[in-house]
Every structure is written in structure tokens, then in C-alpha cells.
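Just below is one structure, and these are the notes that go with it.
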Amino acid sequence: MQISTHASTTHAIVKAASQVILGKEQQIKLSLACLLAGGHLLIEDLPGMGKTTLAHTLAQVLGLGFRRAQFTSDLLPADIIGVSIYDRAISAFQFHAGPIFTNVLLADEINRATPKAQSALLEAMEEQQITVDGATHPLPKPFFVIATQNPKHHIGTFPLPESQLDRFLMRISLGYPDAESERALLKNQGGRGTNPQAVCNAETLQQLQQAALSVHVSDQLLDYLQALIQYTRMQLATGLSPRAGLGLRQCAQAWAMLEGRDFVIPEDVQAVFASVVGHRLQTQDSNIAKLILDHVAIP
Amino acid sequence: MKSLAAKPTLTPVLTPTQLIWLMASLGLALATHVLNLPIWVTIASAFFGAWRFAAIKNPRLMPNRWLLVLLSVLMGLGLLLTTGQFGRDASLSLLVLMTALKLLETKKLRDYMLTLMLGYFLVGNLFLFNQSMATFGLSIPPLILLTATLINISLKTPQSFVFIAKLAAKLLLQSVPVMLILFVLFPRIPGPLWGIPQDAFSGMTGLGDSLQFGNISQLTQNSSIAFRVQFQGTTPANKQLYWRGPVLWHQDGRQWLSPSQNIGLAPETLTTQGAPIRYTITLEPHNRLWLLMLDMPSIIPPEAKLSHDYSVLASAPVRTRIRYSGESFTTYKLGETLNERERILSLQITEGENPRTIQLGQSLQHLSPQEKINAALTMFRQQPFIYTLKPPIAGENPVDDFLFNTKKGFCEHYAASFVYLMRAAGLPARIVTGYQGGELNPNGNYLIVRQSDAHAWAEVWLQGEGWVRVDPTAAVSPERVEQGIGDALRDSDALPLMSRHDFPLLKKALLNWDSINNGWNQWVLGYDDKKQLEFLSKLSGKNLKESDLVFWMMGAIVLVMLATSYFLFKQSKPKLNAAQQLYTQYLRKLKPLNLVPNSNEGAHDFALRVTAQLPQQEHAIMAIAEHFNALQYSQNTNNGALEALTKLIKNFNPK
């Protein structure tokens, strides 16, 4: 398939999702880029900003299975993964799959769960499979976790440690809608009520993921990527990990595809940089990604 | 920006590895000084170092402030007790001790750097003791290690020792051009740069201003170089090489003394014959006034004085290596008339001593002067006199003892006894001390005269001929004067290596080494204000003044800096490819409109910004950005794209 075909598909996806999430095209594109790069997404925002709606809509538009797990402090790993129950009829333990067996899992308010439950999920994210009672169960393909968390209210939460934050390819936040979108929303256009059409399916999505990986990255651009990574290592207490660098490249590739190009340009890197890097740099400065971009020249 | 700036650039807490680096480099710097320090200073410093080393593992061992103060006071007292004069040696000891103590309070980076700089200073101090090439070589390893330590503490990621040492050596090498420029061009001030304390010269050896039995044979054990001579034309024969030093007139018991300078005698007259011998001497410092010259000097260096008896004297003790030129005649008549005062002085002997010699002298009194001399020399030749470096210790009447009893002696015994005997016989005589002979170094064709060539001979005054040189040693051991001391004393005595003939290969190697050293002395250490002007004037073909030097130096430094910055600039600016060159042309067209891309602005973003200002050209601008990006970043670039971009940019006109 040509890049133009991919571009029209992705364009249709973004367009369909934009009819539900009004005025957030950039965030939709970023989320899509994250999924195309095969990564998991962390959405950080206040309640009621449309986090769940975004996750749900993406699953619907992409034609994927969607399950939701509400994370609470008494959530047990078995509540996500599933549990083996003794079945009298066959006189054996029978595995009852948990909500994780789906394409898109929405892990709502992930930081409310105990570390034990969190790590059960994060293991599955990394391995793309789960093991219960010695039996390994592969997860459906594709498998994404879209986790949400509330950054402001920390009472009774277990913030994700850095090592686990690193498992999320991107972190985005939605923010308040602009006046026009707000108005439309208030007029009952868009939002939860609309039921968007699926413009894609699991198979096509996997093809798109393959295509994103083959977007060309020139040596020149790799120079730029390395300059950015090196700058964080020189200037900050902890710089970007190699995994972060790889993620950055993959996201830039996906973004270039969304833009209809079969090669990556520096602007693609800049577009995804803040979302890929923001949660990995241990700093209180929310503006850090922009500062780094400002200080590193394009070779 | 806050969080970016907040990161400290250097490690605040010192790691054990860093401390060990520091201790190793300071240890090496200290090791180069061991011979210049009292032994207890070395031991104390090593002890403080070991203490600090132990404290790496166990920080509780670090001394507190009061203990440090106490230690400093103790060390200061120790120095006061062991070194009399507060000069160069004591200062160095103080520096070494305080550096070692500083190590004991090095906890922070600031102390670390300070201690490291003290290490550099310690290495620099080496040159207060010696400026030879060997010292220069000795200073290199500690300099490299100190620089490596400096590099090590500035590194963010640990590197191997070899890598750091190589980098340090490279850094030092890179400083060579600037060093050379400063060396050649930095204006020299006449004389030494700073006053070195007196004690720095106490170890210098050379001829004394008095003669006693035994003091020249002692000097003969020393193979260090007294001076080097370069002749213009052929080198005279060995037996003509009498290097004149102080002339001794006054006999006082066991010793012979030079008359004090204000003795008030008129200069002796000199008439010369034959061709003059011209030469240049490089004299090693000996902390005395003598400037040695070939018998008999006719032209002396302009800043020197000629004494009435034709010793050449400098105006101040020779404490740095100096170079001077002169002219001498080997055929001459000196002091044809002898005034009454001179006669009295040259016949003086202490009464009541050496009765047998006086008796012998009186028995010769009826003879003619020439017969007196012959009689004495015949005595030396025919009786079993032995020329030896290890004469027996003389008794109460040393001349009697030597002439009639032991008959074993060195040149000073022969010269002094001969003069004594001549005076007793009524013939005016005096002792001349200096050097005899020398060794020709075939590499570089110059003569090396060593302390072991020190010699004493006699001069007697004959009517109508003036002062005539008589060398009684030649009567006993003609080889001493014909070939040199190495032949005269072949197996019997322990001569220093350089004067012996046993190891020809080793000797040849040492001669080669000396000719290198001679070059170092002439061109590096001897490069003073005069030589500098001379050299640079020759180089530029103009007569330079000192103020010109500053100009030249500044010019040369600016030149080096420009060259360096050009090199760095070139390195930092990679070569542009075809697309980038075209794009630069395009940017030049936009510059008048104040449209300049930021360093972090890609072609696409920039195009969007330009379009906002030049909406009617949107198509061309976006096409340029697209083509440029495709050429820069895409996989399948064909020549068509480059041509298209060329065309687009050529046709682009922002107005």
C-alpha cells in the first residue's frame, strides 16, 4: 500500500474521532500516533475533561474491542487479569479471563490502585501476555492500554514510579476545550452521545503499524534525535533512556505517516517530543520539553 | 530555564578515585624533589599522604582543625631547627610540607583544585635548582600526571587511565607552539628574573681563592664541567692549554693566598708575538669572580676586569652560566720590569718554617736564575718523586715533608714546593692556579674542561724575560701536560669516569650527550636579552629594538589564536550538501525581510512563518520547503528534485 492510502485511512480516523472529541484534533493525532507506534498511552487530566471519552472513541473508530477497568485501592490483580475457578462439571480449574483480554483496555485512574495491582497491569503491557497458575495466555492483537490519572488530587493514590511511567510511550493531557468547541458541546453536539462509525479494524491497524515502522529516517534526522537525547543527558539530572530514544523515533515515524509523508522531518520529532519525553524527565518544570527543543539546533 | 541551570556542573563530593589521582600526582611531584629536600621533610610528607589515604576508607581519621594547626606549627619549628637560613631550600621544604598538610584538609572540590595547583607550582620549583635538560625531562611526567588529574576530575563519565594520560599529553603538546613563541619573543630582561637566595649557590664547585695541599686533588675527583671552549680556527696543542685562574702570591704557613684586589700594583706589561688565538668560553657557575682565559689574555670580555697579574675577573660572582669571547697569545713576555714592591711580595716566605727547604734554597743562591730552575726540576726528575692523587697527609713543615720525606704529591705540591724553593733561593716566583688541557668533543668540535682538569703551576721572574711559566709537574709526569690527567694517572688512582680511558664506548656516548647538553646551554639557557635581539634581528634582517619584540610577540600570539579559531570554526561547521547550499541561497533572499529561521526551526515550520508574511507566494514557499525536506530526509532522492529546487529558488523573489 502506498503512503497516500495510509494517509487517507488515518485522516478518516482522526476526522471520525474529532466529531466526538471536539476541538482536540492535536491530542487525537498524538494518541493515534502513539497507538500506531505500538505504545501505551497515559492521559493525565482533571476529571470530566473527556479522558474516558477519548479512549472509548478511539477504540470505536478503530473498530477494536474495548474494556474498561476502574482502578480502586481495593482492586486485586485477579480483577484485571482473570481468575481460575474450580468447575464441578469438568472437575478442573477453569480460567475466567479478566477485562484485560481485549484490544483497548482503559485503566481508569490507574494511580488509585495499589502497586501490586498496577504492576500486574504493567507486566501485561510489557509482555503482551499473562501467566496464571503456570498457564500462559496471550493477549489479543493489537493490545493497548490507555491509562488515565488525575494529576492534582493525590490523597489515597499510589503515584506510578518512574520505571513504570517509562512503560507508557506517551503522556498527553487534554485541557479545557476552546470557546467554539465548548459552545458546540453545550449545544449537545459531539460528546458521549454520538456513536461514531468504525473506519478501521484490527487487521488494518496492524498494517498501519507496519507501515509506520518503514517510514524513512535519514542520518541527518538521527543526528537531530541524538542531539536532543544528548542534551537531556548533559543538562539534567537524569537524561533520556535508550528506550525513550527509540520511542521518540517510532512516534516521529507515526507522526510523519499521519502527515502523509514517507520520511521524517525535524518538525515531526518536535510535534511528538513533549508527549514522549515529558513524563520521563524527572523534573517539576512542565515546560521542560519546549526548553530543550529551543536549545537544540537542527543539524 | 531554572531546572536546566540548577544542575551543578562539577561533582561536589570527592570520590576515593579522585583523591587517589591527586595523591599519585602529588607523590610524583614530591619524588622529583627528594634530592632537594631534607630527608625528614620527605618522610613527613609521605606520612601525611599515607594518613590521608587511610582516611579515604575511614573518614573519622581526618584530623580536625586544631590538630592541623598544631602540625603546621610543629613542621614550622622543625624547619627552623634544621635549616639555618631561610632561603631557597627552606622555602621548598615549607611548600612541600604545607602541600602535604593541605591534603589532610582536602574535602571539597575547592581544596582539591588548590592542592592540584600547588602540585604544578612544586614542579615549577625544580628549575630553581637546576635548569638542565635532564631537569626539563624530569618535569614532564609529573606535569602529565597533574594535568591528567585535572582532566579526570572534569570528566562526566569515567575513562581509562591510558585515555586520560594520552589526552593530558596531547594538551601539553598543544601548548608547545605558544610556549615556543613566548620563549623566542617574550622580552628578556638582563640578568636573572628574580633574586635567588644565597644558599642556592653554596653547592657550586670550582677553584678556590687559596691553595692548600690537597684541595686541588680533591677537586680532581669531580668530573663536572668547569667550562666549554670553542676555538675559532684550530685548537692549540694540549701542552699550550693553560687556563689562567687566580694568581697566588702570599705564602702563609700551609696556605697560599691571592693578594687582595686593592694591593695597588700597576698592571704588568705584556708584549705578544705570533698569531692571536680567538675563542669563546661558556663558563659554568662557580660562585667566584674568576673568568678563566687562555694564557696569556690580550683581549678580555668588555664587562670583565683585568688584575695586575693577568687574572680576569667578573664584576660579580658567576652564578649563572655565562658566555664570553676573548683573545690570547701563547707566545708573550709578561712584566719585563719588576718593581721593588713586587719583588718583596714574590720573595716572601714565612720565617721559621721548612728549615731544610730554606737551607737547600740558600745553597742554590749563588747560581744563575736559569740554573736554579734547572736544579729544582732535575731534583724532581731524578729523585723518586711520584705524581699521585692520594698524597700522604703533610706534617708540620709541609714543604720539607714533601721534598725530603714523602715525595708523593699532586700538582699543587709540586707547584707550591717549587715556588717555595725558588723564593728561598732568591728568585721571585708565584703560583698560578687554573686548569690545564681539556677534552675535545668531536661532535660539535669544542673543548670540554672539567673540574678534574684543575691544575697549579709556577711563574718565575727572569731578568729580560719577565714572568716565565714553569710547570714542575711536567718534570715528574710529562704526560699530565702532554695528554691530560687520564694518561698521567692511568691505573694507580681512582679518577672520575670521564677522565679515564677504560670505557671508550660509554665515553663516546657520554660525549654525545654532552654535545646535546652544550646545545641546550647555548640555545635554551643562554638565550638571553642580547642573544634574543641578535637572533631576531638576523631572522628579520632588520635591526630590532626591544619594543619591537612586544609587537612581534603580540602579532605571533594573535596569529596562533586566529589559526586555532579558524580550525575550530571549520571543525564546528560541517560541509553543506547541495540542497543545503541552495537553501542557504534562499535564506539569503529572505534575510532583508527579517525572515531568519531559528536554529531549531525546521524548513516546514519556517515556510509556514514566511507564508504568513508573504501570502501571495505561498505556493512557491511551501514547494521549496517540501523539496528541501525531501532532499534532506527522504530515502529516494532523485536529481529531478534537486533541479526542481534549484529552479524554484532561482525564480523565487520575495518582493
Side-chain angles (χ1 to χ4, degrees), chain A residues 2-3 213-225 227-228 230-239 249 252-253 255-257 259-274 277-278 281-299, chain B residues 1-13 154-158 571-584 587 596-611 621-638 641-642 645:
Chain A
Q2 284 301 305
I3 196 76
L213 272 179
S214 61
V215 168
H216 180 64
V217 184
S218 68
D219 283 345
Q220 286 245 342
L221 196 101
L222 289 180
D223 287 344
Y224 183 46
L225 281 177
L228 285 168
Q230 195 54 35
Y231 186 79
T232 64
R233 290 175 189 168
M234 299 285 285
Q235 296 293 328
L236 299 166
T238 42
R249 195 209 69 201
Q253 284 175 309
W255 190 267
M257 194 171 83
E259 294 287 323
R261 247 182 291 101
D262 62 352
F263 55 89
V264 183
I265 61 171
E267 281 88 337
D268 300 328
V269 178
Q270 292 171 349
V272 298
F273 188 71
V277 156
L281 298 174
Q282 292 152 32
T283 161
Q284 298 301 310
D285 194 340
S286 56
N287 219 10
I288 187 76
K290 190 179 178 311
L291 278 172
I292 294 168
L293 285 178
D294 282 350
H295 278 90
V296 178
I298 298 170
Chain B
M1 204 58 237
K2 210 191 292 169
S3 68
L4 287 180
K7 166 123 208 282
T9 48
L10 286 166
T11 339
V13 182
S154 326
L155 280 177
K156 278 190 188 300
T157 47
Q571 227 177 17
S572 69
K573 214 174 172 180
K575 283 221 151 124
L576 297 179
N577 60 32
Q580 283 166 329
Q581 281 171 10
L582 282 170
Y583 192 64
T584 316
L587 292 182
V596 181
N598 299 324
S599 68
N600 63 340
E601 195 169 29
H604 182 76
D605 283 356
F606 180 60
L608 291 177
R609 193 150 68 86
V610 175
T611 314
I621 292 165
M622 292 315 290
I624 287 170
E626 232 166 82
H627 278 88
F628 172 70
N629 271 337
L631 281 166
Q632 281 294 91
Y633 299 106
S634 90
Q635 201 169 16
N636 32 14
T637 44
N638 47 20
L642 194 61
L645 184 64

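All chains are named by letter (A, B, ...) in the order of the sequence lines, taking the proteins before the strands, and each is independently numbered beginning at 1.
Distance CG/B/Leu631 to OG/A/Ser218: 11.5 Å, rounded to 0.5 Å. Between B/His604 atom NE2 and A/Glu259 atom CD the span is 6.5 Å, to the nearest 0.5 Å. In this structure, CD1 in A/Ile265 is found 11.5 Å from CD in B/Gln632, a value given to the nearest 0.5 Å.
For the side-chain hydrogen bond (donor to acceptor under 3.5 Å, both in side chains) test, residues two or more places apart in sequence or in another chain that qualify with B/Asn600 are A/Asp294. The ring-ring contact (aromatic ring centres under 6.0 Å, His included) test applied to B/Tyr583 returns B/Tyr586, B/Phe628, not counting sequence neighbours.
Between the side chain of A/Gln220 and the main chain of B/Tyr633, no donor-acceptor pair closer than 3.5 Å is present. Judged by distance alone, with hydrogens and angles left aside, the side-chain atoms of A/Glu267 form a donor-acceptor pair with the main-chain N or O of B/Ala603 at under 3.5 Å.
Contact annotation for B/Glu601: only backbone heavy atoms (N, CA, C, O) come within less than 4.5 Å of a heavy atom of chain A.
Between B/Ser634 and A/Phe263, the closest heavy-atom pair is CB-CD2, 2.9 Å.
Using a 4.5 Å cut-off on side-chain heavy atoms (C-beta onward), B/Asn629 and A/Arg261 make no contact.
Note on A/Leu221, A/Leu293, A/Ile298, A/Val296: by heavy-atom pairs under 4.5 Å with chain B, the leading option is A/Ile298.
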